[in-house]
Amino acid sequence: MFVIEDCDRESKARAGMLFTPHGDIPTPIFMPVGTLGTVKGILQQDLVEDINAKIILGNTYHLYLRPGTDILRAAGGLHKFISWNRPILTDSGGYQVFSLTGNRKLTAEGAHFKSHIDGSKHLFTPENIVDIQRIIGADIIMAFDECAPWPCEYDYARKSVDLTHQWLDRAVARFRMTDPVWDSEQFLFPIVQGGTYEDLRRESAEKSASSGLAGNAIGGLSVGEPAEEMYRIVEIVNEILPWDKPRYLMGVGTPANLLEAIDRGIDMFDCVMPTRNGRNGMLFTSEGTINIRNRKWIDDFGSIDPEGPSIVSRTYSKAYLRHLVMAGENLGAQIASIHNLAFYLWLVGEARKKIKEGNFRQWKTALVKKVSERL
RNA sequence: GGGGAGAUACCAAAGCGGCCAACUGGGGCAGACUGUAAAUCUGCUGGCGAAUGCCUUCGUAGGUUCGAAUCCUGCUCUCCCCA
């Protein structure tokens, strides 16, 4: 499923290729988040042609509630339903265990959820989360985990990790005894948890590594802890996770977060930032981040980003985009989202190129400084 | 010409003797957002100050009162109805 093509000499960064039934994915890669079967505000066509997204995410919890598995099954799976023939990864709903805390109750059996839409009750188990993801038909599916909050007491983190590990065993068992619904191979990834506790993270990384699955994910980070803590945990975990399998850092992050994590051996990322922050007027550019609503852009007729990662970044001016966002026009959110995603894809593409050329570290250091600047 | 209603901060609009530098929207100015309950949320928005605070405001000119955006009088302007 995964081949490492080149490794950086000075860092742990690597460039590889991920093979899935719906296409090959060059790594490091950023995966746009499309929770409900849509990357908010963006046409699938633009994802392919302008942004060049290689793979997008869907969310099991959200898709299960709406439109529901009956419709997804009748549609022939999520790929067909949304007219997207490139790879898809579905998150298990573990993050919703975290973000919808008030609506759920955890037991050994699973998570009892109250729908945030109509209050109806549902039970998610490691087994039915695999089943649902079989129906959705994503190329990469995630084990059901508990994403613990931060800060988090040791005792809580301990119990949370144990629960996640028990759930992992059950998910793997279910995964091995079932077949894909859509005649297209699926890969299950386990998720490393353990908060910011080194011993728990080591234990969890070993647990994931021993599962023998096709790839591994690191969860429970970027939930509020300082970035340095996150990097520290990534280093610890990556020493244990198998070198020859893809490593996915869930929910991360800022452009600088991505570069630092790539430096530490991460291959895959997803994050709502480029889309959500874009809708809220924040643009990530090769020169630094800007709040396009700020008055200073009112008559800046220069392009959104001199690097011009997408057609829209080259076509429209900051002044025009500011006008659209200030006026609450849909097109503003759309242009900002497309630009930001294209920038993220450009960023990981450049990282890959630099790793192959052998000058990743130097390039990274300079760029981290630049992209962290507030313009 | 006669009768009526009203003028409050950038706009709209509350307030109708002290708790009013003045509710609330909008607009504006900033900030936040990391496996999406988010095209959302938060703060500020008369001047000066880090702040207790001080200064100048509720069409305008006077007056009553310990105290006025609020009560009285004149003036100016706006809107509505009838001729």
Side-chain angles (χ1 to χ4, degrees), chain A residues 30-42 55-63 65-66 88-104 113-119 129 138 140-150 164 189-193 216-227 229-230 248-258 260-261 266 268-284 289-298 322 324-337 340 344 374:
Chain A
F30 177 79
M31 309 180 281
V33 179
T35 306
L36 276 157
T38 162
V39 176
K40 289 187 194 295
I42 300 175
I55 169 173
I56 62 174
L57 255 69
N59 183 280
T60 306
Y61 166 87
H62 288 285
L63 291 169
L65 288 182
R66 203 160 51 183
I88 295 176
L89 180 152
T90 39
D91 182 30
S92 60
Y95 186 76
Q96 281 61 44
V97 174
F98 158 73
S99 68
L100 298 171
T101 307
N103 289 1
R104 53 78 165 163
F113 264 103
K114 267 204 314 207
S115 160
H116 69 279
I117 301 163
D118 61 7
I129 285 293
I140 300 172
I141 68 178
M142 303 303 298
F144 193 48
D145 65 327
E146 182 193 0
C147 177
W150 186 89
T164 294
F189 282 21
I191 302 172
V192 175
Q193 287 291 344
N216 295 283
I218 306 174
L221 291 176
S222 65
V223 288
E225 80 286 355
E229 279 285 279
M230 175 169 88
Y248 165 28
L249 180 57
M250 307 182 79
V252 174
T254 65
N257 289 162
L258 262 59
E260 293 298 351
I266 296 292
M268 304 161 69
F269 303 90
D270 78 280
C271 190
V272 304
M273 255 193 184
T275 43
R276 181 191 286 168
N277 290 27
R279 288 196 302 279
N280 294 331
M282 187 174 188
L283 300 183
F284 297 98
T289 66
I290 70 182
N291 183 344
I292 198 65
R293 291 176 321 189
N294 287 174
R295 188 166 189 91
K296 59 183 161 188
W297 308 117
I298 198 164
R322 176 180 194 274
L324 292 175
V325 171
M326 292 306 279
E329 284 292 334
N330 292 187
L331 187 59
Q334 194 181 350
I335 290 174
S337 297
N340 280 348
Y344 268 61
R374 188 65 190 262

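Throughout, a chain's letter reflects where its sequence line sits, starting with A, and its residues are numbered from 1. In this text the structure is predicted, and so the values were computed from the model without any measurement.
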side-chain hydrogen bond (donor to acceptor under 3.5 Å, both in side chains) for A/S115 and A/D118? Distances and angles first, verdict last. CA-CA 6 Å; A/S115 160; A/D118 61 7; 3.1 Å; yes
Evaluate the side-chain hydrogen bond (donor to acceptor under 3.5 Å, both in side chains) criterion for residues A/Y95 and A/N59: first the C-alpha distance (whole Å), next the side-chain angles of each, then the deciding distance (0.1 Å), finally the verdict. CA-CA 9 Å; A/Y95 186 76; A/N59 183 280; over 6 Å; no
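Looking at the side chain of A/S222, the nearest of the listed nucleotides B/G35, B/U34, B/A32 is B/U34. Considering only side-chain atoms of A/M282, the nucleotide from B/C33, B/U36, B/A37 that sits closest is B/C33. Set against B/G31, B/C33, B/G28, the side chain of A/M326 has B/G28 as its closest nucleotide.
A close approach under 4.0 Å does occur between a side-chain nitrogen or oxygen of A/Q96 and OP1 or OP2 of B/U36. Taking side-chain N and O atoms only, A/N59 has a distance below 4.0 Å to OP1 or OP2 of B/U36. The side chain of A/R104 contributes no N or O atom lying less than 4.0 Å from OP1 or OP2 of B/A37. Note on A/R276: every side-chain N or O is 4.0 Å or more away from OP1 and OP2 of B/A39. The side chain of A/S99 contributes an N or O atom lying less than 4.0 Å from OP1 or OP2 of B/A37. The phosphate of B/C29 (OP1 or OP2) has a side-chain N or O of A/R322 nearer than 4.0 angstrom.
Straight-line distance from the CE atom of A/M273 to the P atom of B/G35: 8 Å, rounded to whole Å. To the nearest angstrom, C1' of B/U36 lies 15 Å from CG of A/N340.
Taking 3.5 Å as the limit, the base of B/G31 and the side chain of A/R293 contain a donor-acceptor pair of atoms between them.
Within 4.0 Å (heavy atoms only), A/R295 reaches sugar-phosphate atoms of the nucleic acid but no base atom. A/N294 comes within 4.0 angstrom of the backbone, heavy atoms only, and of no base. Residue A/L57 is in sugar-phosphate contact alone, with no base atom involved, counting any heavy-atom pair closer than 4.0 Å across all strands shown. Among the protein residues, A/N280 comes within range of the nucleic acid bases, having at least one heavy atom under 4.0 Å from a base atom. Using a 4.0 Å heavy-atom criterion, one finds that A/T275 contacts the bases of the nucleic acid, with or without backbone contacts as well. Note on A/Q193: a base of the nucleic acid sits closer than 4.0 angstrom, heavy atoms only. Here A/N330 lies in heavy-atom contact (under 4.0 Å) with a base.
Taking the six-membered ring where tryptophan is involved, the planes of A/F113 and A/Y61 are tilted, since the angle between them lies from 30° to 60°.
Spacing between B/G17 and B/C10 at atom P, rounded to whole Å, works out to 26 Å. B/G15 and B/G28: their P atoms are spaced 28 Å apart (whole Å). The gap from the C1' atom of B/C16 to that of B/G6 amounts to 14 Å, rounded to the nearest Å. B/C23 and B/A9: their C1' atoms are spaced 13 Å apart (whole Å).
Look at B/G46: its Watson-Crick or wobble partner, with both distances under 3.5 angstrom, is B/C55. Across all strands shown, B/U40 is found opposite B/A32 as a Watson-Crick or G-U wobble partner, with both distances under 3.5 Å. Across all strands shown, B/A7 pairs with B/U76; the Watson-Crick or G-U wobble distances both stay below 3.5 Å.
A side-chain donor-acceptor contact under 3.5 Å links A/T60 to the backbone of A/D91. Not one N or O on the side chain of A/R322 forms a donor-acceptor pair closer than 3.5 Å with the backbone of A/W297.
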